[in-house]
Amino acid sequence: MLFRIHKYNPCWLVLLLAYPLLTFPVRSQSQMDLTPFMGKNSLSHTVTIDSTIQVLSAGITSSLKDQDTTKAISQMVILSDIYANNAMFGKSYDGYWSALLLADQSRDLPSKSLIYHGLGWLYSLYLRENLAIEYFNRSLQINKQFADSGQAPKTILLRDYYSLVTLHRKLNHIDIARQYLDSCRMIKDAPSTQPKRNAFHDAEEGYLLFLENKPTESLALLNETKLYFEKNQDSYLAILYSFLGDIYQSLGQYELSRRNYLASLQIIDRYKRHVDWKPGIYENLSENYHLAGDDRQAYRMMKLSKQFTEQQFGSRSSTNRELLEIKDQFRLEKERQQDLLQQQELEKLEGEKKIENLKAIILFISLIFLTFSGLLIYRYLRSKHKAEKKWLQQQQELERIKAREILEIKNKELTTSTLRIIEKEELLADLKEKLTNQKQQPNPGEINKLLKTIDTSTYNNWEEFEARFSSVNESFYKNLAEQFPNLSHSDKKICALIKLNFSSKDMARLLGISTESVHTTRYRVRKKLNLSREVNLYEFIQNL
């Protein structure tokens with residue numbers, strides 16, 4: 001873990017150089033926290049765990065006094081790791097929360113990522129899997145931000161992915177564990193077409209194969225990785241031997257399984273790492289002896305399992321009592337600060353709400369004013385429109401009255417003109433009659449010529465009448481032709497004279513026909529117009 005702290009906090013180089021002399025282990029099951037300089041014999045030392053804790057505690061005090069928050073947080077995280085790896089979980093928990101309080105104040109995201117990761121492991125040890133997953137994901141999200149922005153290589157994600165692999169493997173969520181394991185394998189230091197091999201990933205792969213009921217493939221892969229750890233990182237053999245013990249026990253090879261379990265316990269005692277695995281290994285040994293028929297040893301192993309369980313996680317453990325009783329002053333302080341921030345935020349929101357309410361009131365009043373003004377304008381425009389419409393109607397009515405008056409005047413003029421024509425026709429008829437009576441003595445040729453001239457004059461008079469009638473009543477003949485196309489030219493003449501309210505006698509004189517012929521023509525017109533006896537012919541033609 002220390003090499004990651006150094007990466008973000010260069011001022012912590014002094015502790016990094018001194019770290020190989022210290023005697024604290026790496027957090028159990030967090031194999032990606034193993035430092036590269038901790039090889040096979042790296043823990044051959046004379047400095048004790050207690051002295052390491054004293055050095056770090058003094059360093060934290062000094063850093064806080066010097067107001068070197070970054071260095072203090074790094075020291076707190078390392079000290080919390082030491083406590084966690086030595087089953088002093090209460091002190092580890094308090095240390096992480098103390099560091100988290102400082103990291104929040106200084107907005108130190110890299111340190112927060114490490115702290116969230118540590119809290120994730122503590123919650124997983126106490127079977128608070130949901131919280132463990134939540135804190136691992138918090139750490140992962142922070143590291144993704146750094147990786148996506150190019151501030152850190154993508155390998156920074158390995159720690160969180162690997163932790164989620166081991167946690168889901170413990171929960172028997174094989175599919176999810178495999179997904180995170182694939183994510184681990186796809187992360188590379190440099191561009192490559194193949195995923196990079198990693199012994200820790202292969203070990204997890206081997207145990208997942210066992211959980212998938214593939215013991216033969218599992219043993220082959222785990223034994224291959226064992227060679228790597230024997231040469232490079234033999235402290236991890238504590239976990240690997242435990243894996244092999246589980247597999248051999250499932251195959252009924254109890255002696256070989258027992259040897260691997262005991263070898264795992266020896267590695268734990270030698271390096272003081274993965275101490276939290278001891279209760280589970282003793283419990284597996286108890287089952288091993290029972291299956292082998294040695295109930296006496298089985299009872300002894302079960303007793304040791306309970307002893308270590310109580311030591312590490314039980315309420316009677318002095319190192320964990322504070323954790324179980326939730327006497328975490330730093331967490332409470334953080335919650336108090338969060339409550340204070342929430343209260344301030346609430347007051348801010350209330351102030352903003354008051355402003356918003358005031359704005360809403362002003363807006364409401366403005367809307368009412370605009371609505372009222374709009375209503376007044378609308379009513380004014382509507383009244384104006386009505387007045388204009390009424391004035392237009394009055395103008396149109398006046399124009400219609402004027403048009404009717406003009407039409408009546410013209411019709412009267414036309415009638416007068418027609419009557420004059422009739423008088424002329426009567427005069428001509430009388431003249432014609434006299435000339436006819438005197439036909440024996442005058443020249444017959446001259447008389448006939450005079451009669452022909454009188455007939456031509458009659459025809460011309462009708463044409464003049466028809467032209468003047470059409471100019472006054474423009475649409476009459478058009479409407480008549482459209483509605484009653486079967487009317488003859490003589491029928492249309494009768495209709496025109498009826499519209500002018502001529503009597504049958506006047507019509508006969510104007511047309512030069514008898515009154516009986518006029519009556520016959522009127523009858524024929526009624527028939528062509530499909531009028532019943534009840535319909536007045538004059539009123540019908542007036543409406544055309």
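Side-chain atoms of S111 do not come within 3.5 Å of backbone N or O of D108 as any donor-acceptor pair. Side chain of S124 to backbone of E129: no donor-acceptor contact under 3.5 angstrom is found. Distance alone, capped at 3.5 Å, is enough to place a donor-acceptor pair between the Q542 side chain and the K499 backbone. For the pair S98 (side chain) and D94 (backbone), a donor-acceptor distance under 3.5 Å is absent.
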(request) Evaluate the criterion side chain to side chain contact (heavy atoms under 4.5 Å, CB included) for residue pair L119 and L131; output intermediate values, then yes/no. (result) CA-CA 9 Å; L119 288 170; L131 280 174; over 6 Å; no

(request) Check step by step if side chain to side chain contact (heavy atoms under 4.5 Å, CB included) holds for I362 and S366. (result) CA-CA 6 Å; I362 294 173; S366 301; 4.1 Å; yes

(request) Verify side chain to side chain contact (heavy atoms under 4.5 Å, CB included) between Y161 and L158, making sure each step is shown before the conclusion. (result) CA-CA 5 Å; Y161 281 142; L158 283 173; 5.6 Å; no

(request) Kindly determine whether F484 and V525 satisfy side chain to side chain contact (heavy atoms under 4.5 Å, CB included), including the steps that lead there. (result) CA-CA 10 Å; F484 307 100; V525 168; over 6 Å; no

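Between L167 and H173 there is no side-chain heavy-atom pair separated by less than 4.5 Å. Using a 4.5 Å cut-off on side-chain heavy atoms (C-beta onward), S92 and L122 make contact. Contact annotation: the side chain of N130 never approaches that of Y123 to less than 4.5 Å [non-hydrogen atoms, C-beta and beyond]. Looking at Y523 and H519, their side chains never come closer than 4.5 Å, going by heavy atoms from C-beta outward. With contacts defined as side-chain heavy-atom distances shorter than 4.5 Å, the pair R522/I498 qualifies. With contacts defined as side-chain heavy-atom distances shorter than 4.5 Å, the pair V77/S80 does not qualify. Between K492 and L480 there is a side-chain heavy-atom pair separated by less than 4.5 Å. Side-chain contact between L375 and T371 is absent, with no heavy atoms from C-beta onward closer than 4.5 Å.
For the pair E212 and R178, the salt-bridge criterion is met [side-chain N within less than 4.0 Å of a carboxylate O]. Between E356 and K353, none of the side-chain N atoms (NZ, or NE/NH1/NH2) sits under 4.0 Å from a carboxylate O, so this pair counts as no salt bridge.
Legend: residues meeting side-chain hydrogen bond (donor to acceptor under 3.5 Å, both in side chains) with Q179, ordered by chain and number and at least two apart, are absent. Partners of D491 according to the salt bridge (charged side-chain N to carboxylate O under 4.0 Å, His left out) rule, which considers only residues two or more places apart in sequence or in another chain, are R524, K528.
Taking the six-membered ring for Trp and the full ring otherwise, Y207 and F210 have centroids separated by under 6.0 Å.
With rounding to the nearest 0.5 angstrom, the CZ atom of F243 is 8.5 Å from the CG atom of L211. Atom CD of Q395 sits about 13.0 Å away from atom NZ of K390, to the nearest 0.5 Å. In this structure, CG in N198 is found 12.0 Å from CD in E205, a value given to the nearest 0.5 Å. With rounding to the nearest 0.5 angstrom, the CZ atom of R169 is 10.5 Å from the CG atom of N172. Atoms NZ and NZ, from K359 and K354 in turn, are 15.5 Å apart once rounded to the nearest 0.5 Å. With rounding to the nearest 0.5 angstrom, the CD atom of Q145 is 11.0 Å from the CD1 atom of I156.
Tested against W121 for a ring-ring contact (aromatic ring centres under 6.0 Å, His included), the candidates F136, Y93, Y96 yield a single pass: F136. When R159, H117, K112 are each tested for a side-chain hydrogen bond (donor to acceptor under 3.5 Å, both in side chains) with S139, only one passes: R159.
Under 3.5 Å, the side chains of S514 and S517 contain a donor-acceptor pair of N or O atoms. Side-chain contact check for S113 and N143: at least one donor-acceptor pair (N or O, by modelled atom type) lies under 3.5 Å.
Enclosure of atom CD in Q67 is not indicated, since only 12 or fewer non-hydrogen atoms of other residues, nucleotides or ligands lie within 6.0 angstrom. Under a cut-off of 6.0 angstrom, the local environment of CZ in F540 is crowded, with over 12 non-hydrogen atoms contributed by other residues, nucleotides or ligands. The 12-atom threshold is exceeded at CZ of R526, counting heavy atoms of other residues, nucleotides or ligands nearer than 6.0 Å. Other residues, nucleotides and ligands place more than 12 heavy atoms under 6.0 Å from the CG atom of N536.
A tilted orientation is assigned to the rings of Y162 and H201, their planes being inclined by 30° to 60°. Classification of the Y116-Y135 ring pair by plane angle, with boundaries at 30° and 60°, yields tilted.
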